[in-house]
Amino acid sequence: MLDLGFVRDNLSLVRQRLAERGLPDVLGDFETLDRERRAHLADAESRRARRNKISDEIAALKKRKEDASALIAEMRQLGAEISRYDAEADAADEKLRELLKRVPNLPHESVPVGRDASANQEIRRWGEPRQFDFEPKAHWDLGPALGILDFERAAKIAGARFAVYYGMGARLERALANFMLDLHTREHGYTEVLPPFIVNSATLYGTGQLPKFAEDLFKVEGDDFWLIPTAEVPVTNLYRDEVLSADALPLKYCAWTACFRSEAGSYGKDTRGLIRQHQFQKVELVKFSLPDHSYDELESLTRDAATVLEKLGLPHRVVALSTGDLGFSSAKTYDLEVWLPSSGEYKEISSCSNCEAFQARRANLRFRRGKAKSEFLHTLNGSGVAIGRTWLAILENYQQADGSVMIPEVLRPYLGGCNRLSPQPN
RNA sequence: GGAGGGAUGGGUGAGUGGUUGAAACCGGCGGUCUUGAAAACCGUUAGCCCCGAAAGGGGCUCGGGGGUUCGAAUCCCUCUCCCUCCGCCA
């Protein structure tokens, strides 16, 4: 959520930055609503002040055993007025809140301005796409041929956009999770956390998925339970309604979780293979930072994620998202895109964002410097990285002419020394 | 799922309708004393919102929401969470 006072004092700037995101009108009639709300509030509060005063006077009279019936009559009158003004103030407040909840974050000044992904800016590349002396296959052909991946039985037991892994395929998924967690905890200073995969709606509101994006989520019927679309949701909410000490920051967490996404509205997109699934596993990085350092923390978080791909020898590039491509809660985002030989293009495998105080305001995440007044901290998150997409990137990038797949050096200890996937029966 | 008990400030914990936003203790901060520290003593110590340039003024908050009342931390209803016992269960 944007800061109410900041919006009030910088209306034209805020409108302009939102327009850069492609949303010139989200603020609607903010000024009127804001003015009305404050006027109604003042009406109600001045009556309350009067009521408190009279209440004391009644108490004093009663103590002296004197007659208070005139004042009590006035209190009755006041009570009625207060409920009327309260109702008006509540209605205005509710409208303003509903409006503000649906307004996305403002882009940082360093974000390239543009209407969509075509304006994204490539920052750097790592690695050279491999030259194949044969026609590289897609993972959806390689996996089933190796006997480690099965879409048909997954469709039978769950539906489209699910997969079943067998043998070394399942083990590769687990190896990747362990490799990433070990790297981030041992070399990058993150603390591992294993959160619930189901959360309540307040938690989803805190990170910005609700109220606007409910249709992207899976909801458990009959309860206020939702499947998490990313570990960012439970981990960022860990300190909701708490005040942390400034010296405790930055806090750095990494979490392995399954992620569940309805993928509503993506019909026909990435229908083949593992690219877009209803369930996938991911190692997520989350940081709680001082506002002063959050952009440095974004750079280091992005590097931490990229290190995973470097160690695995996967060619990739870093892209700064343009204003029009930014996620709802983010002020600045770098995507990591891994090279996929089958499609001959770079594909998103990680998304690293600085949400500044946007989520902190929604989730009431604060910190305090010494005795000073508490402030909202900055939250960051990024995939470190998506495991399913890494799995398929390894198959495609390390495939051999005979259909086998070489295993990157760093993963071999996690796979019992295995250096090559060869066709296996399942 | 059934029965019972609970939720008060950073912590422990008093408080059953009217100067209680809240005793006391602990902790924190400042000070006195001390070469320094400890101890002792004194003082201080919630958050949010509205008006205001500021000084200041006002409002709300005793788990959340609703109700009773002139007035609610205190009474009633409801939801959430925690604890104990029973059942079920990885």
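Chain naming here is simple, since letters A, B, ... match the order of the sequence lines and numbering starts at 1 in each.
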task = Check whether any side-chain N or O of A:Asn52 sits under 4.0 Å from OP1 or OP2 of B:G59, and answer yes or no.
result = yes
query = Does A:Arg76 have a side-chain nitrogen or oxygen under 4.0 Å from the phosphate oxygens OP1 or OP2 of B:G71?
reply = no
query = Paired with B:U34: which nucleotide, if any, by Watson-Crick or G-U wobble criteria at under 3.5 Å for both distances?
reply = none
For atom CD of A:Glu242 and atom P of B:G9, their distance in whole Å = 14 Å
task = Using only side-chain N and O atoms of A:Ser374, determine if any of them is under 4.0 Å from OP1 or OP2 of B:C48.
result = yes
message = Roughly how many Å apart are B:U16 and B:A22, using the C1' atom of each and rounding to a whole number?
response = 15 Å
task = Please name the residue in the list A:Ser351, A:Ser350, A:Ser383 that meets the side chain to side chain donor-acceptor pair (under 3.5 Å) test with A:Asp335.
result = A:Ser351
message = Please report the distance separating the P of B:A3 from the corresponding atom of B:U61, rounded so that it comes out in whole Å.
response = 33 Å
ask   = Expressed in angstrom and rounded to an integer, what is the separation of A:Arg368 atom CZ from B:C29 atom P?
value = 14 Å
key: Interatomic distance at P, B:C83 relative to B:C75, whole Å   = 25 Å
Whole-Å P distance, B:G10 and B:G28 = 16 Å
message = Below 30° counts as parallel, above 60° as perpendicular, anything between as tilted: where do the rings of A:His188 and A:His184 land?
response = tilted
message = Is the terminal nitrogen or CZ of A:Lys101 (NZ for Lys, CZ for Arg) located under 6.0 angstrom from the six-membered ring centre of A:Tyr205 and within 45° of that ring's axis?
response = yes
note = To the nearest angstrom, the CZ-C1' distance between A:Arg8 and B:G52 comes to 13 Å
message = So, OP1 or OP2 of B:C60: does either fall under 4.0 Å of a side-chain N or O from A:Arg48?
response = yes
message = Both distances below 3.5 Å, Watson-Crick or wobble geometry, any strand: find the nucleotide opposite B:G1.
response = B:C86
remark   = A:Arg38 has its side chain closest, among B:C49, B:C70, B:C51, to B:C51
inquiry  = For the residue pair A:Ser83 / A:Asp86, report whether a side-chain donor-acceptor contact shorter than 3.5 Å exists.
reply    = no
query = Looking at the side chain of A:Ile72, which of B:G47, B:C70, B:G58 is the nearest nucleotide?
reply = B:C70
request  = Quote, to the nearest angstrom, the C1' distance that separates B:U78 from B:G21.
outcome  = 26 Å
inquiry  = Under 4.0 Å, counting only non-hydrogen atoms across every strand here, what does A:Arg97 touch: a base, just sugar-phosphate, or nothing?
reply    = nothing
remark   = Re B:A39: Watson-Crick or G-U wobble partner, both distances kept under 3.5 Å, found to be none
query = Who does B:U80 pair with, Watson-Crick or G-U, both distances under 3.5 Å?
reply = B:A7
ask   = Side chain of A:Glu45: nearest nucleotide among B:C70, B:C50, B:G47?
value = B:C50
ask   = Considering every strand shown, what is the Watson-Crick or G-U wobble mate of B:A73 when both distances are under 3.5 Å?
value = none
request  = With heavy atoms under 4.0 Å as the rule, sort A:Leu41 into base, sugar-phosphate or nothing.
outcome  = sugar-phosphate
ask   = With rounding to whole Å, what would you report as the distance between B:A72 and B:U19 at their C1' atoms?
value = 16 Å
query = Across all strands, who's sitting opposite B:G27 as a Watson-Crick or G-U wobble pair, both distances under 3.5 Å?
reply = B:U45
